[in-house]
Amino acid sequence: MLFHVRMDVQLPHDMPADRAATLKADEKARFQALQRSGQWRHIWRIVGQYSNVSVFDVDSPTQLHDLLMSLPLFPYMRIDVMPLCRHPSSLHDDDR
Ligand SMILES: O=C(O)C[C@H]1C=CC(=O)O1
């Protein structure tokens, strides 16, 4: 199942720089593992914002929920999710 996910990150202004750096490094490691697994299929930065739009390929809404909650930056994100299905005119066989 494919999901479009928008994540807006807002770290508290008073978070110590070393704590923020650790969180970002942990997030990057988790993100790259999920990319390698194929579950985090695409990501784009939204220009000028600490935000991204991503496409996830997971087995169920529950799996996506658990995956998002496992992200180190989860407590500092607003997350919006849209379920996707294949467009009938798409030329891409892997859109499902
Ligand atoms: O940078 C972000 O948008 C937040 C998050 C998503 C991937 C990642 O490495 O960090």
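Atoms within a ligand are numbered from 1 in the order they appear, just like the ligands themselves. The figures here come from the full heavy-atom set of this structure, side chains too, leaving out hydrogens, waters and symmetry mates. Heads up: numbering here begins at 1 and tracks the sequence.
Residue E27 places a heavy atom under 4.0 Å from ligand 1. Heavy-atom separations between I43 and ligand 1 include at least one value shorter than 4.0 Å.
Hydrophobic clustering (ILVMFWY, side-chain heavy atoms < 4.5 Å, transitive): M69 and L67 are in one cluster. Clustering ILVMFWY residues whenever any of their side-chain heavy atoms sit less than 4.5 angstrom apart, transitively, puts W44 in the very cluster that holds L2.
Listed by atom number, the atoms of ligand 1 under 4.0 Å from Y50 heavy atoms are 1 (O), 2 (C). Against a heavy-atom cut-off of under 4.0 Å, V9 is close to the following atoms of ligand 1: 4 (C).
A salt bridge between D8 and R6 is present, with a side-chain N of the basic residue lying under 4.0 Å from a carboxylate O of the acidic one. The pair D80-R78 meets the salt-bridge criterion, with a side-chain N (NZ, NE, NH1 or NH2) lying under 4.0 Å from an Asp/Glu carboxylate O.
The aromatic rings of F31 and W40 sit perpendicular, their planes meeting at an angle over 60°, well past the 30° parallel limit.
Ligand 1 has a nitrogen or oxygen under 3.5 angstrom from a nitrogen or oxygen of N52.
Residue H65 places its NE2 atom among 12 or fewer non-hydrogen atoms of other residues, nucleotides or ligands, all under 6.0 Å distant.
Ranking the protein heavy atoms by distance from atom 9 (O) of ligand 1 puts F31 CD2, 3.5 Å first.
At a 4.0 Å heavy-atom cut-off, ligand 1 does not touch F74 at all.
The option with the heavy atom closest to atom 3 (O) of ligand 1, from among M7, Q32, R45, is R45.
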